[in-house]
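In this text, all values refer to a predicted model and were calculated from it rather than measured experimentally.
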Amino acid sequence: MTVSFVCRTESALPPERLFDLARSIDVHVNSQQEAGERAVAGVTSGLIEEGQEVTWRARHFGIPLTMTNRITHMDFPSSFTDEQVRGPFKSFRHIHEFEATATGSAMTDRVEFTAPFGFLGRLAERLVLAGYLEKLIVHRGRFLAGQA
């Protein structure tokens with residue numbers, strides 16, 4: 001079963017700047033220092049583009065994880081989508097949307113994922129993973145919004 005959630009972040013930055021920050025490998029690494037996340041293959045620094053992949057290594061729940069994501073859609077500066085092509089989830093899709101506001105911009109993150117392992121995976125989705133991932137996305141959004 002697929003789990004989804006939506007997070008919205010307001011920023012004083014223009015949408016073009018927020019868009020580029022959201023696809024910056026270097027900024028992502030800085031925003032996820034707590035998990036020790038680092039890019040280890042594919043695009044490992046700079047701005048990732050449509051069709052490109054990045055492989056991330058991090059430690060979540062004390063477990064080392066590796067996940068490769070591909071940018072499957074990009075429409076600068078309004079949206080881009082990254083999807084897992086290899087990794088711990090049965091499926092993982094993250095849509096990033098950007099719009100101008102009277103005070104700067106808003107970023108909307110739409111995340112959909114499915115855990116592996118059948119019934120046990122569905123239980124983990126509801127009890128642990130959804131809240132954990134939403135917390136990561138909210139933290140990342142606030143980090144991006146505060147960049148100059």
Which word best sums up how the rings of F98 and H96 line up, parallel for under 30°, tilted for 30 to 60°, or perpendicular for over 60°?
parallel
Write down the atom of A106, the atom of L18, and the distance for their closest heavy-atom approach.
C-CD2, 4.5 Å
Taking all heavy atoms of G46 and all of D26, pick out the closest pair and write down the distance.
N-OD2, 2.9 Å
When rounded to the nearest 0.5 angstrom, what distance separates NE2 in H60 from CG in L129?
11.0 Å
One should read off an interatomic distance between T44 OG1 and R38 CZ, to the nearest 0.5 angstrom, of 12.0 Å
Counting C-beta onward and ignoring hydrogens, is there a side-chain heavy-atom pair between T81 and E83 closer than 4.5 Å?
yes
How long is the gap from CE on M107 to OG1 on T9, to the nearest 0.5 Å?
4.0 Å
Heavy-atom pair of closest approach, residues G121 and A115:
O-CB, 3.6 Å
Say you draw a straight line from CG of L21 to CG of N30; how long is it, rounded to the nearest 0.5 Å?
11.0 Å
Do the side chain of S105 and the main chain of L13 share a donor and acceptor less than 3.5 angstrom apart?
yes
Side chains of C7 and E134: closer than 4.5 Å at any heavy-atom pair?
yes
Applying the 4.5 Å side-chain criterion to the ILVMFWY set and letting contacts propagate, would F19 and L47 be lumped into a single cluster?
no
Verdict with reasoning, R93 to R110, per side-chain contact (heavy atoms from CB on, under 4.5 Å):
CA-CA 8 Å; R93 182 176 186 197; R110 300 180 190 281; over 6 Å; no
Treating Ile, Leu, Val, Met, Phe, Trp and Tyr as nodes and any side-chain heavy-atom pair under 4.5 angstrom as an edge, say whether V27 and I71 lie in one connected cluster.
yes
T2: what forms a side-chain contact (heavy atoms from CB on, under 4.5 Å) with it, not counting sequence neighbours?
E112, T114
Just so I know, are the side chains of W56 and V29 near enough to count as touching, which here means a heavy-atom distance under 4.5 Å?
yes
Verify, without hydrogens or angle tests, whether R140 (side chain) and A22 (backbone) share a donor-acceptor contact under 3.5 angstrom.
yes
CZ/F61: more than 12 non-hydrogen atoms of other groups inside 6.0 Å
yes
Linking I/L/V/M/F/W/Y whenever any side-chain heavy atoms sit under 4.5 Å apart, do F143 and I25 land together?
yes
Quick one: OG1 on T72 to CG on D82, what's the gap to the nearest 0.5 Å?
7.5 Å
Could you pull out the closest heavy-atom pair between V43 and S45, with the gap in Å?
CG1-O, 3.4 Å
With the side chain counted from C-beta on, respond yes when E99 and R8 share a heavy-atom pair under 4.5 Å apart, and no when they do not.
yes
Would H94 and N69 count as a side-chain contact (heavy atoms from CB on, under 4.5 Å) here? Give the steps.
CA-CA 10 Å; H94 183 175; N69 286 35; 6.0 Å; no
For R23, run the side chain to side chain donor-acceptor pair (under 3.5 Å) check against Q52, E49, H28 and tell me which one passes.
E49
Linked, directly or transitively: V128 and I137 (ILVMFWY side chains, under 4.5 Å)
yes
Can you list the steps and then say if F76 with E16 is a side-chain contact (heavy atoms from CB on, under 4.5 Å)?
CA-CA 8 Å; F76 181 84; E16 298 83 4; 3.9 Å; yes
Mind checking whether F92 and F80 sit in one hydrophobic cluster, side chains of I, L, V, M, F, W, Y counted as touching below 4.5 Å?
no
May I ask you to decide if F89's main-chain N or O and Q84's side chain share a donor-acceptor pair within less than 3.5 Å?
yes
Verdict with reasoning, Q32 to H139, per side-chain contact (heavy atoms from CB on, under 4.5 Å)
CA-CA 9 Å; Q32 298 300 311; H139 169 78; 4.2 Å; yes
Any non-hydrogen side-chain atom of H73 less than 4.5 Å from a side-chain atom of S79?
yes
Taking R70 first and then E53, would you say they form a salt bridge - that is, a charged N and a carboxylate O separated by under 4.0 Å?
yes
Between the CG atom in L144 and the OG atom in S24, the distance rounded to the nearest 0.5 Å is 9.0 Å
